[in-house]
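The residues of the chain are indexed from 1 along the displayed sequence.
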Amino acid sequence: MVPGGQGASDCPALEAAIWNKPSRLVFVAFDILHLDGRDLGSLPLLQRKQALWQLVEPGLGKIQYSEHFEGSALALFRTVEKIGLNGIISKRADSRYRSGLSNTRLTARADATRIPIWRNKT
């Protein structure tokens, strides 16, 4: 991603940076599946995120940690929308990693008219 105003991703700036200024790119990590030759996929998401936190140590570097939030999905969506993001992907805190479609993930995005659209990845 390329951070824009309020830390939100700036899609046009991302495309420009890929071709013209790759030094502006930032990798935002939200999960870790392998560490030191060990498969972490069978651990719950929050345990995997704890391992990731210890590696990345949140800050302003080129690799950043994606925070997780608990609470009201609607309140979170309204906040995300207010800062100009297109949506969020939610995962169950106790979910194990599974490739492909899963009922432990939910995508919430706003369309062009800013109406919330909830789509379960099943």
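In this structure, Lys91 fails the cation-pi test against Tyr97, since its NZ or CZ atom is not both closer than 6.0 Å to the six-membered ring centre and inside 45 degrees of the ring normal.
Leu40 and Leu55 fall within a single hydrophobic cluster, where Ile, Leu, Val, Met, Phe, Trp and Tyr are joined by side-chain heavy atoms under 4.5 Å apart, directly or via other members. Note: the hydrophobic cluster containing Trp53 also contains Leu43 (ILVMFWY, side chain heavy atoms under 4.5 Å, direct or indirect links).
Of all the heavy atoms in Leu52 and Asp31, the pair that sits closest is CD2-N, 3.5 Å. Contact between Ala17 and Arg24 at its shortest, heavy atoms only, is CB-CB, 4.2 Å. Of all heavy-atom pairs between Asp39 and Leu33, the closest is OD1-O, 3.4 Å.
In this structure, Arg48 contributes its side chain and Ala51 its backbone to no donor-acceptor pair below 3.5 Å.
For Asp94, the side-chain hydrogen bond (donor to acceptor under 3.5 Å, both in side chains) partners at least two apart in sequence or on another chain are Arg92.
Atom NZ of residue Lys49 and atom CD1 of residue Ile32 lie 11.0 Å apart, to the nearest 0.5 angstrom. Distance CG/Leu25 to NZ/Lys62: 7.0 Å, rounded to 0.5 Å. Atom CG of Asn20 is separated from atom CD of Glu15 by 9.5 Å, given to the nearest 0.5 angstrom.
Looking only at side-chain heavy atoms (C-beta outward), Phe30 and His68 stay at 4.5 Å or farther from each other. Annotation: side chain of Leu35 is not in contact with side chain of Gln54 (no heavy-atom distance under 4.5 Å).
Atom CD1 of Ile18 is surrounded by more than 12 heavy atoms from other residues, nucleotides or ligands within 6.0 Å.
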